[in-house]
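First comes the structure, then the notes that go with it.
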Amino acid sequence: MTDTINAGARQLSRRATLIAAVAALALSATMNGYFYSLQGAQGFYVWYPMLALKVLLFMGLAPITLAVLALPLEKLAQKWIMRALRWISFIGSILVSLASIGLLAFLIVVPRLGSMEPARLDLVNPSQGIVAQSAQPAAAFSAGNGGTADAQAAADKRAARPGAAPLSPLDRPLLRLAFSSDPHWGADTANVGARTDILKGIAAERPDAFFMLGDTVETGNSVTQWNFALSDLEALIPSVPLRPILGNHDALFGGQYLYRKAFWPKGFTSDSGSPYYWSIKAGSATIVAIDLPWGTENFGPRQRSWLEKTLAAADPRKPLIVISHSYFYASGYKDPKTGAPWYDHYQNIPAIVPLFEKYGVDLVISGHNHYQELLSHNGVNYAIVGSMGGLPDPEPTYRSPWSQWINVGGYGWLDVNVLPGRLALTFRSETGEARQSATISY
Ligand SMILES: [Fe+2]
């Protein structure tokens, strides 16, 4: 009788151990699969090689391994080793299951906690394109907000220096664009004054569109930080056509949900079908956004073939401008904590630059590094504009061989005026002074 009970308990224990281990493996795989499916998560693993992330990835394998190792030990006369292994496996299964459920809930629930009111912003819908104020019908003027004559007069005033002759048609911008990146709302280290000045300066300029190239917030799953960003944007640039893209910080821990809620309202569509990469017909220019929050982790075959098709189909008479969060050529430094090389991007350059060179991209504008920099290589120009308020990166220990100019420690934005046959670039400080100018023929 006693033998029967012992055999039953042993049988039950083996089955329970295996069932618990398989359940833990399934839960861990589900959690990791969901995390990996999120924007920027794979890049987080690649660019932050922390032990804790590796443990998350492989923890589901530990209980099942121990449970299987315990099976042949059943034949030993000494049963305590087998029992100990089963118990370790069983307790491990419970811990792994709880951790997986907790993390899955964290990724799904936290971005959805709290409320986010849609901000009154003039968001650019990529499928609708951008209309230059100088190309708008005269009726727009009577609306009194961003009208043709007003905008043109403002453009003339800005372009003219004291004592300069009036603008000739060749100097009159066909399209006026502004770019900046990495404001990092919610970061204690961000410079609120500089960020505010930049937004005020851009609002005063009234460009045809302002592109904010990612890292709008410090931690993407924080509704509070997105609300800070939206209320400032609404207060400071409510009527500037605005198109943000997703940065690695915006994407953190399920932040893509809040990015879409903030900047991709219902009804917005794109030629790629994705809210993260698309092209915009902007009248006298073609603007193409690529989804590179960290590097090429989200740049799969679908995005690659769309990009190649889009670049090939671009009108060769118009300038072709590419925007992305992470950069291609850039000066920078080796991260002291992780060893990550924050300069000439080892993933983006080999994967995508050949397409830029093949299809005649004129200008690539990115953030991610918190500098202002201008570079040029093989006929393609690269601008870094990660200067919208996030903590400036340290003095570069690596200077890209293709760097032409760099500003370290400053804040500001980049104006790109599309003129007949050329692009006029002006890197500005947070108060609007021109730090560096350049002209690119197209
Ligand atoms: Fe950043």
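First listed ligand is number 1; within each ligand, the first listed atom is number 1.
Residues forming a side-chain contact (heavy atoms from CB on, under 4.5 Å) with L98 (at least two apart in sequence, or on another chain): I94. The side-chain contact (heavy atoms from CB on, under 4.5 Å) search around N298 returns Q39, D291, P293, not counting sequence neighbours.
Checked for salt-bridge contact, D415 and R428 meet the test: a charged N lies under 4.0 Å from a carboxylate O.
Near-neighbour remark for the Fe ion (ligand 1): protein N, O or S atoms under 2.8 Å are D182 OD2, H184 NE2, D215 OD2, H370 NE2; waters not counted.
You'll find the side chain of F263 reaches within 4.5 Å of the side chain of T216, heavy atoms only.
Residue pairs meeting the salt bridge (charged side-chain N to carboxylate O under 4.0 Å, His left out) criterion with at least one member in residues 113-128, sequence neighbours excluded, are R120-E234.
In this structure, a donor-acceptor pair under 3.5 Å is present between the side chains of S429 and T431.
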